[in-house]
Amino acid sequence: MHLARFAASVCALALSATGVAVALAPAGSAAVSSVYSVAPYVDMSNSQEGLLDTAITGHHLKAYTAAFVLGEGCTQIWGDTLPIGADSYTDPEIAKARSEGASVIVSSGGASGEPLAWTCSNQSSIDAGYQAIVNDYGVTRLDFDVEGAAVADTAAAARQMQAMKDLKASNPGLQFSMTLPVLTSGLTNDGVNILKAAENAGTKIDVVNIMTMDYYGGTGTEMGQGAVSAAKATLAQMQSVDSGYTYANLGITPMIGKNDDGSTFTPADAQTVESFAAQNGVGRLAFWSVNRDQPCSGSANSLSTCSEISQDSLAFTDAFVPYEGSSGGGGGTTSDFSLSLSPDSASVARGGSATAAVSTAVTSGSAESVSLSASGAPSGVSVSFGPGSVTSGGNSTLTATVGSSVAAGIYPITVIGTAASGSHSATYTLTVTGSGGGGGGGGGSLANAGFETGSLSPWTCTGGSAVVSSPVHSGSHSLEVTPSSSGTGECGQTVTLSPNQSYTLTGWVQGPYAYIGVTGGATASTWSNSMSWNQLKVGFTTGSSGTITVYVHGWYGQSNVGADDFALG
């Protein structure tokens, strides 16, 4: 959706623009109420993701669109090249936003990549890939951003629509959007053919999301009115394919600030678009992107990290967010609910089970049916709900049952409540303990993982590192790693795990530049810089031997690092 590549694609597409005269839906035809009525895009890999947290916690943003998942053959990766469900950068960002109350739409494709149906020709693999996104992130909305030459690939479009028909059959609450380039005169002929592919497959696109940007009509183009014109023309084209489409099935996504073609979408333009959406019940408002919703600092000049115009930080977010609650708007939330867990964590031995109360409460509007599900539980752990569906304001009981073969470790499980107004989630942290774990937090295959023996063995250390009785995270002992003025202090333990398997290393640390990680058959690390105890987690996949070395170290020239309660799971 971003960068200059999009500009070239629109220029090429302009030659085949179409306009079909069909009666428009009447003003005020409201969409189904949804928290997804305002869901701007967020580039999950451009180092500006912190603005998302501010938009959620300080500017009332309730939903966003995480971009982009890319097809790579018949597998999928995030734009930073890490696999879905195992991205140590993107996955925690999504989890953090969810913990702050925001719902997520996961978007595939973009200007620099393509969705899976465009890179894989095996229908079952495409279906399984999209289902993996649903399972890994607990989402009820998928977006597919198709640009450039990909819009004209009719075979891929047919695979895409068949996949969505298949997924809707197995995930009744799933909705999807197709994000497509437009001119002020509407979709290109190739874009209309995307709509026809859905019709031919016997499915319907829930939201046709148009990129109202880069028209190449001159730098003086009035971008707010241009978006309105594009929206009206696109609905006419949609209704020429399926008369059942209304503004509730339309999304509008401008590029805020300076566009690739030199035109400018201003906060005043945002107000024009928001007013049009409220008058006509538009299904979704978005923009590219939250990362850019800030003025450039100093001499910065980047289409990916700022708007290139004078504005208040998150001014465009503030302009669109009121549509979330607009009584006449397509996304105005007339009902909503909250979800909470008590307790939100438990420690369970292998073969045991734990329960928690799942509470739902009406936060606006009237009560609605909420279906409960969970994602992220490791193999061997089953999570059930009794009952599995409640009316908001009611309660259910979560039961987590741990099989005898589950590796000891700490497992975050996402509990999801889904209703017509959208979805909310909470995290349930399950700690699985096993025999021989070393005390003070278990340890799976690690020995003396909590240092409760009072000695280092079988850990080996450099420098003056030692087991101490204070400070500790839990129990009576912890590890103190001592760097020198010129050398890193480090302690490690070599273990053999199952080959070619994914694991998570967790440990509690305190101190400056405290690192934990693995080397040998796998390489991964993470760090913190806090004088208080905090838990670090890092995922990795073993090699053919399964042998790795777990380590903790403190950076040279810094003060001591405390470490305690390691676990492998």
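None of these values were measured; they are calculated from a predicted model. This chain uses plain numbering: 1 for the first residue, then up along the sequence.
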Hey, what do you get for CG (D242) to CD (E199), rounding to the nearest 0.5 Å?
5.0 Å

Assess, by modelled atom type and distance only, whether the side chains of N209 and T253 contain a donor and an acceptor separated by less than 3.5 Å.
yes

side-chain contact (heavy atoms from CB on, under 4.5 Å) for T179 and D143? Distances and angles first, verdict last.
CA-CA 7 Å; T179 297; D143 176 62; 2.6 Å; yes

side-chain contact (heavy atoms from CB on, under 4.5 Å) assessment of N291 paired with V42
CA-CA 6 Å; N291 316 68; V42 177; 3.7 Å; yes

Kindly determine whether L195 and I205 satisfy side-chain contact (heavy atoms from CB on, under 4.5 Å), including the steps that lead there.
CA-CA 7 Å; L195 307 181; I205 301 171; 3.8 Å; yes

For W288 and F68, take the angle between the two ring planes, folded into 0 to 90°, and tell me which bin it lands in: parallel under 30, tilted 30 to 60, perpendicular over 60.
parallel

Got T429 and D344 here, is their nearest side-chain heavy-atom distance under 4.5 Å?
no

Distance-only polar pair, side chains of D127 and Q162, donor-acceptor under 3.5 Å
no

Which donor-acceptor pairs under 3.5 Å do the side chains of residues 517-526 make with protein atoms, sequence neighbours left out?
none

Would you say Q535 has more than 12 foreign heavy atoms packed within less than 6.0 Å of its CD?
yes

Begin from the C-alpha positions of R292 and T305 and carry the test side-chain hydrogen bond (donor to acceptor under 3.5 Å, both in side chains) through to its verdict.
CA-CA 5 Å; R292 301 184 68 240; T305 59; over 6 Å; no

Please find out if less than 6.0 Å separates the ring center of Y551 from that of W527.
no

May I ask you to check if K62 and Y36 form a cation-pi contact, with NZ or CZ under 6.0 angstrom from the six-membered ring centre and within 45° of the axis?
no

Test of understanding: with salt bridge (charged side-chain N to carboxylate O under 4.0 Å, His left out), list the residues that count as partners of K168, not counting sequence neighbours.
D206

Supply the atom-to-atom distance I194 CD1 to M178 CE, rounded to the nearest 0.5 angstrom.
5.0 Å

Passing candidate, side-chain contact (heavy atoms from CB on, under 4.5 Å) with L430, options V406, V383, V402
V402

Provide the full list of disulfide bond (SG atoms under 2.5 Å apart) pairs with a residue in residues 70-131, sequence neighbours left out, each pair given once.
C74-C120

With rounding to the nearest 0.5 Å, note down the distance linking CG in L174 to CG in D166.
11.5 Å

Enter the distance from S103:OG to I56:CD1 here, rounded to the nearest 0.5 Å.
9.5 Å

Less than 6.0 angstrom separating the ring centers of F320 and F287, yes or no?
yes

Please report the interatomic distance CG(L341) to CG(L339), rounded to the nearest 0.5 Å.
6.0 Å

Would you give me the side-chain donor-acceptor pairs under 3.5 Å for residues 387-401, sequence neighbours excluded?
residue : atom : partner : partner atom : Å
S389    : OG   : S369    : OG           : 3.4
S389    : OG   : V370    : O            : 3.3
S392    : OG   : E368    : N            : 2.8
S392    : OG   : E368    : O            : 3.3
N395    : OD1  : S359    : OG           : 3.4
S396    : OG   : G386    : N            : 3.3
S396    : OG   : G386    : O            : 3.3
S396    : OG   : P387    : O            : 2.6

Return yes if some donor-acceptor pair links the side-chain N/O of D91 with the main-chain N/O of D87 below 3.5 Å, else return no.
yes

Applying salt bridge (charged side-chain N to carboxylate O under 4.0 Å, His left out) to K537 and not counting sequence neighbours gives none

Nearest 0.5 Å, please: how far is CH2 in W78 from OG in S45?
9.0 Å

Are Y41 and D145 close enough that a side-chain donor and a side-chain acceptor fall under 3.5 Å?
no

Does D53 have any salt bridge (charged side-chain N to carboxylate O under 4.0 Å, His left out) partners at least two apart in sequence or in another chain, and if so, which?
K96

Inspect the surroundings of NE2 in H59 and state if more than 12 heavy atoms from other residues, nucleotides or ligands are less than 6.0 Å away.
yes

